[in-house]
Amino acid sequence: MADSKAVTLRTRKFMTNRLLSRRQFVIDVLHPGRANVSKSELKEKLASLYEVKDANCIFVFKFRTHFGGGKSTGFGLIYDNLDAAKKYEPKYRLIRNGLATKVEKSRKQMKERKNRAKKIRGVKKTKAGDAAKKK
Amino acid sequence: MSGQRESSETLARKDAPRLLSLLKEMKEGLDVVKSKVEAITVKVKQDKFRTAEGISYLEAKHLLLLSYCQSIVYYLLRKAKGLSIEGHPVVRNLVEIRLFLEKIRPIDKKLDYQIQKLTKAAEGGPDEIMTGDKKELNKSQTEEDPLKFRPNPDMLVSKSAPEEGAGGVYRPPKFAPTAMDDDDKISKEEKQALRREKALLQQSKQNSFVNELMSNFEDRPEEVREIVGAESRELTRYLAKREAKERQEEELFTRAPITRREKKLEKHMTKSRNGLLGMTDGFYDDVKMLPLEERENDGPTEYSAMERGGKRNKKRKVRVGNGSVPLTQTALVMYRCVFFYFFFSLSKHLLYSSDEVCC
């Protein structure tokens, strides 16, 4: 992808969150003439800006383009290490970054299992019991 | 004299059958009472029922009823024997006792509850009763029964004793009704001061100097926006609202979900000529004077609160200059007018802005 025009990044409301071992901020992206900037590109730019060793620790999300185009605002987080990221980030963001995989659960199977479990009371709702019932 | 006797005899013959029936009834009643009383007296004589201490009121009532019955019997006796009853003290006695009985009736009603309880107690615990007082309530009945309505001093809660809430929180005792702070207490000066502050806040929000200061603080990049023509009111309002919302979102580091209505509004705003809508606001007023044929009467569509109404309020769109359709004369004239107006307003604005710069 070639940038026809320059993309400017600017961070605001920078805060170091010691409790969650991360740095969080608001990102302003100026991209006149372009529709939107992809998250991967933003991550690269942030990595160079903040000298982050592992680009996997950067998460950007909730980007919204301003009225009229050319500018978008979103949020960004940079974790201190990968373990902290895996601990504190919600699953869907980890999946977006490639740090976790989505478990494809068949919705129908889950509902059936739940309905079966409704009929039993207590600790007996084990998988063995369910498997037996499945037959 | 013979006439009188004859009349009395005829009267007697008429009343005779009624008298007979009444007498029969009386006899039957008396027989029943007699048998019951005899049974009770036998039992009392055997010392099964103690009549030493009872409710004195009931005793009095019994005595009254007895004397009433006696008087009635004597009255009937005299009548049966043909003796006159004029001025006999029996009549007076009867009336008196009747009066007493009537007066006793409300007391009877009031005491009914107590008497019931006592009788229940008497039936329930024969051991205690044997010792003596029937008036002693026995506590063998522990379950809640509706007859246990008596004042319980243990349930009284002292009003003044403070209650310690969890965690040592002080809660004021609630025993008198209190009124909330009403607005009437705010004096006129205070109200005016509040209003002045509010107005000041409003004005400062729109002041450009203050906005510059704030943007410096906020550490945002400087923005220079080109405003061509007058921005329509709704657009400025919409932008202001959006900015306020975004500021809040950044504060909280979250995003509020966009509703369907908001999406519609944004679409409308972007489609409506990118903010140049305000330019042609006064257009139709000017064009009304021109004698154009087949001019469609369409006003600008405003997405304001008044215009809601869905499909009812949908106005037909002016489709002019579609590539395939040849432009009509009227469309050409309209376009020319638009261009003139555009240049005119632009020049006006440029003149004004230059004036400001000079000053």
Side-chain angles (χ1 to χ4, degrees), chain A residues 5-37 39 42 45-46 49-50 58-79 84-85 88-93 96, chain B residues 211-279 303:
Chain A
K5 304 212 169 128
V7 173
T8 320
L9 218 90
R10 228 187 134 102
T11 57
R12 284 187 290 123
K13 294 199 193 277
F14 188 90
M15 192 174 97
T16 314
N17 196 339
R18 281 284 110 226
L19 296 165
L20 298 171
S21 54
R22 69 184 184 199
R23 295 176 271 178
Q24 59 194 47
F25 41 82
V26 177
I27 307 175
D28 266 342
V29 187
L30 298 159
H31 46 84
R34 268 179 74 165
N36 245 335
V37 184
K39 286 197 273 259
L42 284 172
K45 291 212 187 278
L46 276 172
L49 194 68
Y50 282 102
I58 307 176
F59 297 87
V60 285
F61 51 96
K62 298 248 198 265
F63 270 93
R64 263 204 217 151
T65 317
H66 282 230
F67 188 79
K71 188 178 170 200
S72 33
T73 314
F75 304 114
L77 310 165
I78 302 179
Y79 280 91
Y88 295 120
E89 275 294 284
K91 264 256 159 105
Y92 75 95
R93 271 191 233 145
R96 278 186 196 172
Chain B
N211 275 342
E212 258 188 60
L213 272 178
M214 289 304 293
S215 57
N216 272 341
F217 266 122
E218 266 179 32
D219 174 45
R220 276 195 206 228
E222 242 183 76
E223 286 185 55
V224 180
R225 281 208 206 117
E226 280 190 36
I227 304 172
V228 183
E231 269 190 3
S232 67
R233 221 184 329 133
E234 41 166 356
L235 185 73
T236 40
R237 268 175 64 211
Y238 172 71
L239 285 175
K241 276 192 188 160
R242 265 198 82 160
E243 273 180 43
K245 189 176 163 193
E246 276 176 30
R247 226 171 285 142
Q248 265 227 320
E249 283 177 349
E250 284 167 20
E251 198 80 26
L252 300 169
F253 220 74
T254 48
R255 285 259 190 235
I258 309 183
T259 56
R260 250 176 257 145
R261 204 196 274 177
E262 281 175 32
K263 273 193 219 152
K264 259 178 131 180
L265 186 62
E266 192 176 340
K267 239 193 203 174
H268 171 88
M269 284 296 168
T270 45
K271 268 193 192 164
S272 61
R273 292 157 264 182
N274 230 7
L276 298 178
L277 200 66
M279 201 164 61
Y303 208 101

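Quick note on labels: first sequence line is chain A, next is B, and so on, each numbered from 1.
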**OP:** Apply side chain to side chain contact (heavy atoms under 4.5 Å, CB included) to B/R255 and A/T73, showing your working.
**Re:** CA-CA 11 Å; B/R255 285 259 190 235; A/T73 314; 4.2 Å; yes

**OP:** Step through the shown structure and confirm whether more than 12 heavy atoms of other residues, nucleotides or ligands are within 6.0 Å of NZ on B/K245.
**Re:** yes

**OP:** May I ask you to say whether B/E249 pairs ionically with A/K62, meaning some side-chain N is under 4.0 Å from a carboxylate O?
**Re:** no

Original post:
Is A/F75 close to B/T254 at the side-chain level, that is, under 4.5 Å between some pair of heavy atoms?
Top reply: no

Subject >> Interatomic spacing from CD in B/E250 to NZ in A/K13 - rounded to 0.5 Å >> reply: 6.0 Å

Subject >> By ring-ring contact (aromatic ring centres under 6.0 Å, His included) - contacts of A/Y92 (at least two apart) >> reply: none

Original post:
B/R242: what forms a salt bridge (Lys or Arg N to Asp or Glu O under 4.0 Å) with it, not counting sequence neighbours?
Top reply: B/E246, B/E266

Original post:
Side chain, backbone, both or neither: which part of A/I27 has an atom under 4.5 Å from a heavy atom of chain B?
Top reply: neither

Original post:
Counting only heavy atoms not in B/E262, do more than 12 sit closer than 6.0 Å to its CD atom?
Top reply: yes

Subject >> Parallel, tilted or perpendicular, as decided by the 30° and 60° cut-offs, for the rings of A/F61 and B/F253 >> reply: perpendicular

